[in-house]
Amino acid sequence: MHPNKLTFESENLQVDYISFKFQKLENSTQRKIADYLFKLGFNSYKESGKLTKPIKESILVSSKNKFEVCFVGDNPYWDGTLLHFSGLNASRFYFFSKEQIIDWTIFSSAVLSRFDLYFERNYKTADKISGREFLQNCQKNLKQTNKNSSLEKNRKGWILKIGNRKSNHYFRIYETKNSLRFEHEMKGKVLQQYHLLLVENRFEEFEQKLSYQFFISFGKFLSLQFSYLDWLVLKLRPIRKQTFLQSALNSDYIKSEILMTTRSFVMLLQFLTYAQHLDFEIESLGGVPYRQVTFKVRDFLEFQNPTIKSTNHYQLEKIKKFLQQLQTGVFLTSFDDTHFQSLVAIPQVKLEKSSKQKYWIARVWLIDELFYYNYPFYLPNIFQTKLTKDKLEVRFKFIQVFTSVNIEKVFFIQEFLSSYSSVISNQRKNNIKKYFIQLVQLFKEHDLIEDNYKIISNGHYYFTKEFNTHDISEGFVIYEKLSI
DNA sequence: TTGTGCGTGGACCAGGTTGT
DNA sequence: ACAACCTGGTCCACGCACAA
(Lines give C-alpha, C1' and ligand atoms only; values in the text may rest on other atoms or scores of the structure.)
Protein backbone atom coordinates (compact mmCIF):
# COMPACT_ATOMS: atom_id res chain seq x y z
CA MET A 1 0.00 0.00 0.00
CA HIS A 2 1.22 3.42 -0.94
CA PRO A 3 2.26 5.40 2.15
CA ASN A 4 0.75 8.64 0.93
CA LYS A 5 -2.62 7.07 0.39
CA LEU A 6 -4.99 7.96 3.13
CA THR A 7 -7.36 5.19 4.09
CA PHE A 8 -9.90 5.07 6.88
CA GLU A 9 -7.94 2.25 8.40
CA SER A 10 -4.53 3.90 8.22
CA GLU A 11 -5.95 7.16 9.54
CA ASN A 12 -8.07 5.52 12.24
CA LEU A 13 -11.28 7.02 10.94
CA GLN A 14 -14.56 5.33 11.77
CA VAL A 15 -17.68 5.45 9.65
CA ASP A 16 -20.51 6.63 11.86
CA TYR A 17 -23.44 7.47 9.62
CA ILE A 18 -24.46 6.87 6.03
CA SER A 19 -27.63 7.95 4.35
CA PHE A 20 -28.99 7.75 0.84
CA LYS A 21 -31.74 9.78 -0.69
CA PHE A 22 -34.37 8.72 -3.19
CA GLN A 23 -36.18 11.46 -5.10
CA LYS A 24 -39.17 9.19 -5.48
CA LEU A 25 -39.28 5.81 -3.82
CA GLU A 26 -42.07 3.46 -4.85
CA ASN A 27 -43.38 1.10 -2.22
CA SER A 28 -42.36 -1.87 -4.32
CA THR A 29 -38.77 -0.63 -4.54
CA GLN A 30 -38.70 0.08 -0.85
CA ARG A 31 -39.88 -3.46 -0.19
CA LYS A 32 -37.19 -4.80 -2.50
CA ILE A 33 -34.50 -2.85 -0.64
CA ALA A 34 -35.83 -3.94 2.73
CA ASP A 35 -35.80 -7.57 1.59
CA TYR A 36 -32.28 -7.23 0.31
CA LEU A 37 -30.96 -5.60 3.45
CA PHE A 38 -32.84 -8.11 5.60
CA LYS A 39 -30.77 -10.89 4.08
CA LEU A 40 -27.63 -8.96 4.99
CA GLY A 41 -28.70 -8.74 8.63
CA PHE A 42 -30.51 -5.40 8.72
CA ASN A 43 -34.01 -4.96 10.10
CA SER A 44 -35.99 -2.24 8.36
CA TYR A 45 -38.05 0.45 10.01
CA LYS A 46 -39.74 3.57 8.78
CA GLU A 47 -40.40 6.99 10.22
CA SER A 48 -42.23 10.11 9.22
CA GLY A 49 -40.07 13.14 8.72
CA LYS A 50 -42.87 15.48 9.72
CA LEU A 51 -43.12 14.55 13.37
CA THR A 52 -40.69 16.04 15.84
CA LYS A 53 -40.80 12.83 17.83
CA PRO A 54 -41.09 10.23 15.10
CA ILE A 55 -42.63 6.85 15.77
CA LYS A 56 -40.61 3.94 14.50
CA GLU A 57 -42.71 1.46 12.57
CA SER A 58 -41.42 -1.94 11.55
CA ILE A 59 -41.21 -2.92 7.92
CA LEU A 60 -39.26 -6.12 8.06
CA VAL A 61 -37.91 -7.23 11.42
CA SER A 62 -36.50 -10.40 12.88
CA SER A 63 -34.84 -10.89 16.24
CA LYS A 64 -32.05 -12.74 14.44
CA ASN A 65 -30.85 -9.57 12.75
CA LYS A 66 -28.41 -7.47 14.75
CA PHE A 67 -28.47 -4.37 12.56
CA GLU A 68 -31.08 -1.92 11.42
CA VAL A 69 -31.90 0.75 8.86
CA CYS A 70 -34.57 3.37 8.77
CA PHE A 71 -36.57 4.76 5.86
CA VAL A 72 -37.64 8.34 6.45
CA GLY A 73 -40.39 9.52 4.14
CA ASP A 74 -43.25 11.97 4.28
CA ASN A 75 -40.89 14.92 4.67
CA PRO A 76 -41.98 18.53 4.84
CA TYR A 77 -41.06 20.54 1.69
CA TRP A 78 -39.86 17.45 -0.13
CA ASP A 79 -41.50 14.20 -1.17
CA GLY A 80 -38.48 11.95 -1.43
CA THR A 81 -37.30 9.28 0.98
CA LEU A 82 -34.10 8.92 2.96
CA LEU A 83 -32.45 5.71 4.00
CA HIS A 84 -30.43 6.05 7.18
CA PHE A 85 -27.71 3.84 8.58
CA SER A 86 -26.67 5.10 11.99
CA GLY A 87 -23.56 4.31 14.06
CA LEU A 88 -22.57 0.66 13.94
CA ASN A 89 -25.18 0.00 11.26
CA ALA A 90 -23.36 2.44 9.02
CA SER A 91 -20.00 0.93 9.75
CA ARG A 92 -21.43 -2.54 9.01
CA PHE A 93 -22.93 -1.40 5.73
CA TYR A 94 -19.65 0.23 4.75
CA PHE A 95 -17.83 -2.97 5.62
CA PHE A 96 -20.11 -4.87 3.23
CA SER A 97 -19.52 -2.28 0.53
CA LYS A 98 -15.80 -2.72 0.84
CA GLU A 99 -16.16 -6.48 0.71
CA GLN A 100 -17.97 -5.76 -2.54
CA ILE A 101 -21.00 -7.77 -1.58
CA ILE A 102 -23.43 -4.89 -1.97
CA ASP A 103 -25.49 -5.14 -5.13
CA TRP A 104 -25.63 -1.50 -6.14
CA THR A 105 -28.26 -2.12 -8.81
CA ILE A 106 -30.75 -2.43 -5.94
CA PHE A 107 -29.85 1.13 -4.96
CA SER A 108 -29.71 2.48 -8.52
CA SER A 109 -32.11 5.33 -7.81
CA ALA A 110 -30.25 6.37 -4.67
CA VAL A 111 -27.70 9.12 -4.17
CA LEU A 112 -25.31 9.36 -1.25
CA SER A 113 -26.63 12.16 0.93
CA ARG A 114 -24.75 12.04 4.19
CA PHE A 115 -21.53 10.48 5.41
CA ASP A 116 -20.12 10.87 8.93
CA LEU A 117 -16.62 10.04 10.04
CA TYR A 118 -15.07 10.32 13.44
CA PHE A 119 -11.62 10.16 14.96
CA GLU A 120 -11.16 9.08 18.55
CA ARG A 121 -8.39 10.76 20.55
CA ASN A 122 -7.73 8.99 23.83
CA TYR A 123 -6.80 11.00 26.88
CA LYS A 124 -3.11 10.99 27.69
CA THR A 125 -1.44 11.70 31.00
CA ALA A 126 0.65 14.40 29.32
CA ASP A 127 -2.46 16.45 28.47
CA LYS A 128 -2.06 19.65 30.46
CA ILE A 129 -5.69 20.73 30.40
CA SER A 130 -8.92 18.77 30.66
CA GLY A 131 -11.06 17.87 27.69
CA ARG A 132 -13.63 20.37 28.81
CA GLU A 133 -11.09 23.20 29.02
CA PHE A 134 -9.88 22.26 25.56
CA LEU A 135 -13.42 22.53 24.21
CA GLN A 136 -13.85 25.90 25.92
CA ASN A 137 -10.63 27.15 24.38
CA CYS A 138 -11.73 25.95 20.97
CA GLN A 139 -14.97 27.81 21.34
CA LYS A 140 -13.18 30.95 22.43
CA ASN A 141 -11.11 30.83 19.26
CA LEU A 142 -14.15 30.11 17.13
CA LYS A 143 -15.94 33.14 18.51
CA GLN A 144 -13.24 35.32 16.99
CA THR A 145 -14.09 33.95 13.58
CA ASN A 146 -17.55 34.09 12.15
CA LYS A 147 -18.22 30.40 12.57
CA ASN A 148 -21.05 29.65 14.91
CA SER A 149 -20.58 27.11 17.64
CA SER A 150 -22.20 26.01 20.83
CA LEU A 151 -20.86 24.27 23.89
CA GLU A 152 -23.37 22.18 25.78
CA LYS A 153 -23.44 19.45 28.33
CA ASN A 154 -25.41 16.31 27.70
CA ARG A 155 -25.60 13.25 29.91
CA LYS A 156 -22.31 11.88 28.59
CA GLY A 157 -20.30 15.06 28.97
CA TRP A 158 -19.46 18.25 27.13
CA ILE A 159 -20.05 18.65 23.45
CA LEU A 160 -18.89 21.39 21.12
CA LYS A 161 -20.99 21.76 18.00
CA ILE A 162 -19.56 23.73 15.11
CA GLY A 163 -21.44 25.04 12.10
CA ASN A 164 -25.04 24.73 11.12
CA ARG A 165 -26.65 21.31 11.34
CA LYS A 166 -28.26 21.89 7.97
CA SER A 167 -25.07 22.97 6.24
CA ASN A 168 -22.87 20.71 4.18
CA HIS A 169 -20.21 20.51 6.81
CA TYR A 170 -21.10 20.07 10.42
CA PHE A 171 -18.73 19.18 13.24
CA ARG A 172 -19.05 17.90 16.74
CA ILE A 173 -16.33 17.35 19.31
CA TYR A 174 -17.45 15.58 22.43
CA GLU A 175 -16.25 13.78 25.50
CA THR A 176 -16.62 10.06 25.91
CA LYS A 177 -15.44 8.00 28.84
CA ASN A 178 -11.75 8.19 28.10
CA SER A 179 -11.43 10.03 24.85
CA LEU A 180 -12.45 12.99 22.83
CA ARG A 181 -14.32 12.22 19.66
CA PHE A 182 -13.99 14.42 16.58
CA GLU A 183 -16.91 13.96 14.25
CA HIS A 184 -17.45 15.35 10.78
CA GLU A 185 -20.79 15.23 9.04
CA MET A 186 -20.74 15.66 5.26
CA LYS A 187 -23.74 16.37 3.08
CA GLY A 188 -24.87 18.00 -0.10
CA LYS A 189 -23.15 18.60 -3.43
CA VAL A 190 -19.63 18.03 -2.12
CA LEU A 191 -20.58 14.56 -1.04
CA GLN A 192 -22.57 13.68 -4.15
CA GLN A 193 -19.36 13.88 -6.17
CA TYR A 194 -18.16 10.87 -4.24
CA HIS A 195 -21.28 8.79 -4.84
CA LEU A 196 -19.86 7.26 -8.02
CA LEU A 197 -16.61 6.34 -6.32
CA LEU A 198 -18.57 4.38 -3.75
CA VAL A 199 -20.84 2.44 -6.09
CA GLU A 200 -18.02 1.77 -8.52
CA ASN A 201 -15.98 0.26 -5.72
CA ARG A 202 -13.23 2.85 -6.08
CA PHE A 203 -12.56 2.80 -2.36
CA GLU A 204 -8.98 3.98 -2.46
CA GLU A 205 -10.04 7.21 -4.06
CA PHE A 206 -13.18 7.45 -1.96
CA GLU A 207 -11.35 7.09 1.34
CA GLN A 208 -8.48 9.27 0.22
CA LYS A 209 -10.80 12.13 -0.65
CA LEU A 210 -12.97 11.87 2.45
CA SER A 211 -10.01 11.51 4.80
CA TYR A 212 -8.39 14.53 3.23
CA GLN A 213 -11.61 16.48 3.57
CA PHE A 214 -11.89 15.40 7.19
CA PHE A 215 -8.42 16.59 8.19
CA ILE A 216 -8.45 19.80 6.20
CA SER A 217 -11.86 20.77 7.54
CA PHE A 218 -10.86 20.37 11.16
CA GLY A 219 -7.51 22.01 10.50
CA LYS A 220 -9.19 25.11 9.15
CA PHE A 221 -10.81 26.24 12.35
CA LEU A 222 -8.99 24.59 15.25
CA SER A 223 -5.90 26.10 16.87
CA LEU A 224 -3.34 23.39 16.59
CA GLN A 225 -1.25 24.12 19.65
CA PHE A 226 -3.44 22.02 21.96
CA SER A 227 -2.18 18.56 22.83
CA TYR A 228 -5.60 17.09 21.99
CA LEU A 229 -4.88 17.91 18.36
CA ASP A 230 -1.48 16.22 18.15
CA TRP A 231 -2.95 13.59 15.81
CA LEU A 232 -4.32 16.29 13.51
CA VAL A 233 -0.98 18.11 13.27
CA LEU A 234 0.69 14.84 12.26
CA LYS A 235 -1.90 14.26 9.56
CA LEU A 236 -1.87 17.81 8.24
CA ARG A 237 1.89 18.27 7.86
CA PRO A 238 2.35 15.94 4.91
CA ILE A 239 -0.79 17.11 3.11
CA ARG A 240 -0.49 20.82 3.70
CA LYS A 241 0.20 23.29 0.94
CA GLN A 242 3.94 23.58 1.04
CA THR A 243 5.63 26.34 -0.80
CA PHE A 244 8.37 24.41 -2.49
CA LEU A 245 11.65 26.09 -1.91
CA GLN A 246 14.45 25.75 -4.35
CA SER A 247 16.68 22.97 -3.11
CA ALA A 248 14.45 22.32 -0.13
CA LEU A 249 15.82 20.05 2.53
CA ASN A 250 13.22 17.37 3.09
CA SER A 251 13.09 15.89 6.52
CA ASP A 252 11.03 13.63 8.67
CA TYR A 253 10.74 13.85 12.46
CA ILE A 254 14.21 13.87 14.02
CA LYS A 255 14.74 12.57 17.53
CA SER A 256 15.78 14.96 20.25
CA GLU A 257 18.93 12.91 20.77
CA ILE A 258 20.99 11.57 17.92
CA LEU A 259 23.79 9.06 18.29
CA MET A 260 26.27 10.44 15.82
CA THR A 261 28.15 13.55 14.94
CA THR A 262 26.17 16.49 13.69
CA ARG A 263 28.16 16.63 10.48
CA SER A 264 27.36 13.03 9.56
CA PHE A 265 23.70 13.48 10.26
CA VAL A 266 23.51 16.67 8.24
CA MET A 267 25.24 14.82 5.44
CA LEU A 268 22.50 12.21 5.58
CA LEU A 269 19.78 14.83 5.31
CA GLN A 270 21.57 16.34 2.37
CA PHE A 271 22.00 12.98 0.74
CA LEU A 272 18.31 12.14 1.00
CA THR A 273 17.53 15.40 -0.74
CA TYR A 274 20.27 14.93 -3.31
CA ALA A 275 19.15 11.42 -4.22
CA GLN A 276 15.69 12.66 -5.23
CA HIS A 277 16.97 14.20 -8.42
CA LEU A 278 19.31 11.47 -9.57
CA ASP A 279 18.74 9.18 -12.52
CA PHE A 280 18.02 5.65 -11.46
CA GLU A 281 17.26 2.09 -12.39
CA ILE A 282 14.66 0.03 -10.62
CA GLU A 283 15.69 -3.33 -9.30
CA SER A 284 13.80 -5.72 -7.15
CA LEU A 285 15.40 -7.26 -4.10
CA GLY A 286 13.23 -9.84 -2.37
CA GLY A 287 10.09 -8.47 -4.02
CA VAL A 288 10.73 -4.90 -2.88
CA PRO A 289 11.47 -2.37 -5.61
CA TYR A 290 14.71 -0.49 -5.06
CA ARG A 291 16.18 2.46 -6.83
CA GLN A 292 19.75 2.12 -7.82
CA VAL A 293 21.18 5.59 -8.10
CA THR A 294 24.59 6.26 -9.57
CA PHE A 295 26.48 9.47 -9.17
CA LYS A 296 29.95 10.93 -9.03
CA VAL A 297 31.05 11.40 -5.46
CA ARG A 298 32.39 14.82 -6.36
CA ASP A 299 28.95 15.87 -7.61
CA PHE A 300 27.47 15.13 -4.24
CA LEU A 301 30.26 17.07 -2.63
CA GLU A 302 29.41 20.02 -4.82
CA PHE A 303 25.72 19.75 -3.98
CA GLN A 304 26.51 19.58 -0.30
CA ASN A 305 28.68 22.58 -0.31
CA PRO A 306 29.08 24.56 -3.54
CA THR A 307 31.73 26.75 -1.97
CA ILE A 308 34.42 24.10 -1.78
CA LYS A 309 36.34 22.60 -4.67
CA SER A 310 34.94 19.28 -5.83
CA THR A 311 38.43 17.84 -6.02
CA ASN A 312 39.19 18.40 -2.35
CA HIS A 313 40.62 15.03 -1.35
CA TYR A 314 40.00 15.41 2.32
CA GLN A 315 36.29 16.20 1.76
CA LEU A 316 35.90 13.41 -0.80
CA GLU A 317 37.37 10.98 1.66
CA LYS A 318 34.86 12.05 4.29
CA ILE A 319 31.97 11.49 1.90
CA LYS A 320 33.23 8.05 0.98
CA LYS A 321 33.39 7.14 4.66
CA PHE A 322 29.88 8.46 5.09
CA LEU A 323 28.55 6.46 2.14
CA GLN A 324 30.08 3.30 3.51
CA GLN A 325 28.49 3.98 6.85
CA LEU A 326 25.08 4.31 5.21
CA GLN A 327 24.61 0.60 4.72
CA THR A 328 25.31 -0.16 8.35
CA GLY A 329 22.01 1.43 9.29
CA VAL A 330 23.41 3.51 12.15
CA PHE A 331 21.48 6.53 10.92
CA LEU A 332 18.03 5.04 11.10
CA THR A 333 17.57 5.40 14.82
CA SER A 334 17.84 9.18 14.55
CA PHE A 335 14.38 9.36 13.04
CA ASP A 336 11.32 9.15 15.19
CA ASP A 337 8.98 7.47 12.78
CA THR A 338 9.45 3.72 12.38
CA HIS A 339 7.89 3.65 8.93
CA PHE A 340 10.29 6.32 7.76
CA GLN A 341 13.15 4.43 9.39
CA SER A 342 12.33 1.42 7.24
CA LEU A 343 12.31 3.62 4.14
CA VAL A 344 15.78 5.05 4.64
CA ALA A 345 17.28 1.63 5.22
CA ILE A 346 20.01 1.25 2.63
CA PRO A 347 20.99 -2.31 1.76
CA GLN A 348 23.99 -1.68 -0.42
CA VAL A 349 26.55 0.94 -1.31
CA LYS A 350 29.25 0.39 -3.91
CA LEU A 351 32.18 2.70 -4.51
CA GLU A 352 34.37 2.33 -7.53
CA LYS A 353 36.92 4.39 -9.33
CA SER A 354 36.38 4.42 -13.03
CA SER A 355 39.48 3.03 -14.68
CA LYS A 356 39.79 5.65 -17.39
CA GLN A 357 38.64 8.72 -15.50
CA LYS A 358 39.94 9.79 -12.17
CA TYR A 359 36.74 10.26 -10.21
CA TRP A 360 34.90 8.03 -7.81
CA ILE A 361 31.49 6.68 -8.66
CA ALA A 362 28.96 5.62 -6.04
CA ARG A 363 26.07 3.22 -6.50
CA VAL A 364 23.47 3.29 -3.75
CA TRP A 365 20.34 1.22 -3.37
CA LEU A 366 17.38 3.06 -1.88
CA ILE A 367 13.84 1.85 -1.35
CA ASP A 368 11.80 3.22 -4.24
CA GLU A 369 8.90 4.08 -1.97
CA LEU A 370 11.09 6.69 -0.27
CA PHE A 371 10.83 8.83 -3.37
CA TYR A 372 7.05 8.98 -3.18
CA TYR A 373 7.04 9.76 0.49
CA ASN A 374 5.29 12.95 1.52
CA TYR A 375 7.75 14.47 3.92
CA PRO A 376 6.20 16.39 6.78
CA PHE A 377 8.85 19.10 6.48
CA TYR A 378 10.42 20.91 3.54
CA LEU A 379 12.93 23.36 4.91
CA PRO A 380 15.41 25.78 3.45
CA ASN A 381 18.72 24.03 3.00
CA ILE A 382 20.78 25.91 5.53
CA PHE A 383 23.77 23.60 5.26
CA GLN A 384 24.96 24.20 1.71
CA THR A 385 27.80 26.38 2.79
CA LYS A 386 30.93 26.22 4.85
CA LEU A 387 29.93 26.44 8.47
CA THR A 388 31.90 26.95 11.63
CA LYS A 389 31.37 24.47 14.43
CA ASP A 390 29.08 26.85 16.30
CA LYS A 391 27.03 27.78 13.26
CA LEU A 392 26.63 24.17 12.30
CA GLU A 393 25.51 23.13 15.78
CA VAL A 394 23.04 25.98 15.98
CA ARG A 395 21.59 25.24 12.57
CA PHE A 396 21.25 21.58 13.31
CA LYS A 397 19.67 22.28 16.68
CA PHE A 398 17.22 24.53 14.95
CA ILE A 399 16.23 21.87 12.43
CA GLN A 400 16.08 19.25 15.16
CA VAL A 401 13.70 21.25 17.33
CA PHE A 402 11.70 22.35 14.33
CA THR A 403 11.10 18.81 13.14
CA SER A 404 9.32 17.85 16.34
CA VAL A 405 5.65 16.93 16.61
CA ASN A 406 4.29 19.96 18.43
CA ILE A 407 3.76 23.13 16.41
CA GLU A 408 5.13 25.04 19.39
CA LYS A 409 8.93 24.92 19.12
CA VAL A 410 10.79 25.66 22.33
CA PHE A 411 14.47 26.52 22.20
CA PHE A 412 16.30 26.35 25.52
CA ILE A 413 19.33 28.50 24.88
CA GLN A 414 20.77 28.23 28.37
CA GLU A 415 20.66 24.46 28.16
CA PHE A 416 22.17 24.54 24.69
CA LEU A 417 25.09 26.71 25.86
CA SER A 418 25.73 24.63 28.94
CA SER A 419 26.02 21.48 26.80
CA TYR A 420 29.38 22.80 25.61
CA SER A 421 32.03 20.93 27.54
CA SER A 422 34.50 23.80 27.57
CA VAL A 423 34.05 27.27 28.94
CA ILE A 424 32.91 29.63 26.23
CA SER A 425 33.34 33.37 26.15
CA ASN A 426 30.48 35.80 26.39
CA GLN A 427 31.23 37.02 22.93
CA ARG A 428 30.92 33.53 21.55
CA LYS A 429 27.68 33.03 23.47
CA ASN A 430 26.39 36.22 21.97
CA ASN A 431 27.24 35.06 18.49
CA ILE A 432 25.45 31.79 19.06
CA LYS A 433 22.32 33.66 20.05
CA LYS A 434 22.70 35.80 16.96
CA TYR A 435 22.82 32.67 14.79
CA PHE A 436 19.53 31.52 16.30
CA ILE A 437 17.89 34.85 15.59
CA GLN A 438 19.12 34.81 12.00
CA LEU A 439 17.46 31.44 11.52
CA VAL A 440 14.21 32.68 13.00
CA GLN A 441 14.30 35.52 10.50
CA LEU A 442 15.07 33.16 7.65
CA PHE A 443 12.18 30.88 8.56
CA LYS A 444 9.94 33.88 8.86
CA GLU A 445 10.95 35.00 5.38
CA HIS A 446 10.04 31.57 4.08
CA ASP A 447 6.69 31.88 5.81
CA LEU A 448 7.33 28.74 7.82
CA ILE A 449 6.57 30.30 11.20
CA GLU A 450 4.00 32.64 12.68
CA ASP A 451 5.07 36.17 13.54
CA ASN A 452 4.38 35.94 17.24
CA TYR A 453 7.05 34.57 19.53
CA LYS A 454 7.62 33.97 23.18
CA ILE A 455 10.68 34.65 25.27
CA ILE A 456 11.53 32.81 28.43
CA SER A 457 12.45 34.69 31.56
CA ASN A 458 12.73 33.13 35.02
CA GLY A 459 10.94 30.09 33.66
CA HIS A 460 7.97 32.15 32.51
CA TYR A 461 6.90 32.58 28.90
CA TYR A 462 6.02 36.00 27.52
CA PHE A 463 4.49 36.86 24.17
CA THR A 464 6.43 39.20 21.96
CA LYS A 465 6.47 40.40 18.36
CA GLU A 466 10.25 40.54 18.18
CA PHE A 467 13.32 39.88 20.26
CA ASN A 468 17.06 40.33 20.25
CA THR A 469 20.03 38.52 21.74
CA HIS A 470 19.65 39.63 25.35
CA ASP A 471 15.95 38.64 25.46
CA ILE A 472 16.68 35.02 24.76
CA SER A 473 19.38 34.11 27.27
CA GLU A 474 17.10 31.47 28.73
CA GLY A 475 15.29 30.59 25.55
CA PHE A 476 12.51 31.41 23.14
CA VAL A 477 9.52 29.87 21.44
CA ILE A 478 8.38 29.99 17.83
CA TYR A 479 5.26 28.60 16.19
CA GLU A 480 5.26 26.56 13.02
CA LYS A 481 2.89 27.85 10.38
CA LEU A 482 0.74 25.14 8.87
CA SER A 483 -0.88 26.53 5.75
CA ILE A 484 -3.68 24.32 4.54
C1' DT B 1 6.80 58.50 -24.05
C1' DT B 2 7.10 53.97 -22.42
C1' DG B 3 7.59 50.41 -19.12
C1' DT B 4 7.19 48.84 -14.36
C1' DG B 5 5.07 48.50 -9.90
C1' DC B 6 1.51 48.85 -6.86
C1' DG B 7 -3.18 49.68 -5.14
C1' DT B 8 -8.10 49.60 -5.94
C1' DG B 9 -12.60 47.77 -7.30
C1' DG B 10 -15.54 44.73 -9.63
C1' DA B 11 -16.47 40.01 -11.26
C1' DC B 12 -16.64 35.59 -9.91
C1' DC B 13 -16.64 31.48 -7.09
C1' DA B 14 -17.16 28.61 -3.11
C1' DG B 15 -19.20 28.28 1.01
C1' DG B 16 -22.50 28.81 4.29
C1' DT B 17 -27.26 30.50 5.77
C1' DT B 18 -32.22 31.08 5.31
C1' DG B 19 -37.06 30.20 3.88
C1' DT B 20 -40.35 26.94 2.07
C1' DA C 1 -33.98 18.58 0.62
C1' DC C 2 -33.70 22.29 -2.30
C1' DA C 3 -33.38 26.83 -4.15
C1' DA C 4 -32.54 31.40 -3.29
C1' DC C 5 -29.86 34.34 -1.00
C1' DC C 6 -25.79 36.24 1.43
C1' DT C 7 -20.83 36.67 2.38
C1' DG C 8 -16.00 36.50 2.30
C1' DG C 9 -12.04 35.62 -0.37
C1' DT C 10 -9.44 35.43 -4.69
C1' DC C 11 -8.22 36.94 -9.09
C1' DC C 12 -7.49 40.04 -12.63
C1' DA C 13 -8.03 44.21 -15.17
C1' DC C 14 -7.52 48.81 -14.91
C1' DG C 15 -5.42 53.12 -13.85
C1' DC C 16 -2.40 55.86 -11.42
C1' DA C 17 2.30 57.23 -10.05
C1' DC C 18 6.87 57.03 -10.84
C1' DA C 19 11.38 56.17 -13.01
C1' DA C 20 14.00 55.36 -17.20
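Order of the sequence lines fixes the chain letters, A, B, ..., with proteins taken first and strands second; residue numbering starts at 1 for each chain. Values in this document were obtained by computation on a predicted structure and should not be read as measured data.
- Protein atom CG of A/Leu25 is 14 Å distant from nucleotide atom P of C/dA1, rounded to whole Å.
- Taking the six-membered ring where the residue is Trp, the centroids of A/Tyr375 and A/Tyr373 are separated by under 6.0 Å.
- A/Phe218 and A/Phe171 have their aromatic ring centers within a separation under 6.0 angstrom.
- Ring-centre distance between A/Phe115 and A/Phe206: below the 6.0 Å cut-off.
- In this structure, the NZ atom of A/Lys187 is 8 Å from the P atom of C/dA1, given to the nearest Å.
- With a 6.0 Å cutoff to the six-membered ring centre and a 45° limit on the axis angle, A/Lys409 counts as a cation-pi contact of A/Phe402.
- Here the rule is side chain to side chain contact (heavy atoms under 4.5 Å, CB included) with A/Ile33, and of A/Phe38, A/Phe107, A/Phe42 only A/Phe107 fits it.
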Could you encode protein contacts along nucleotides 13-20 of chain B as a string, one character per nucleotide from 5' to 3', using B for base contact, S for sugar-phosphate-only contact and - for no contact, with a heavy-atom cut-off of under 4.0 Å?
---SBSBB
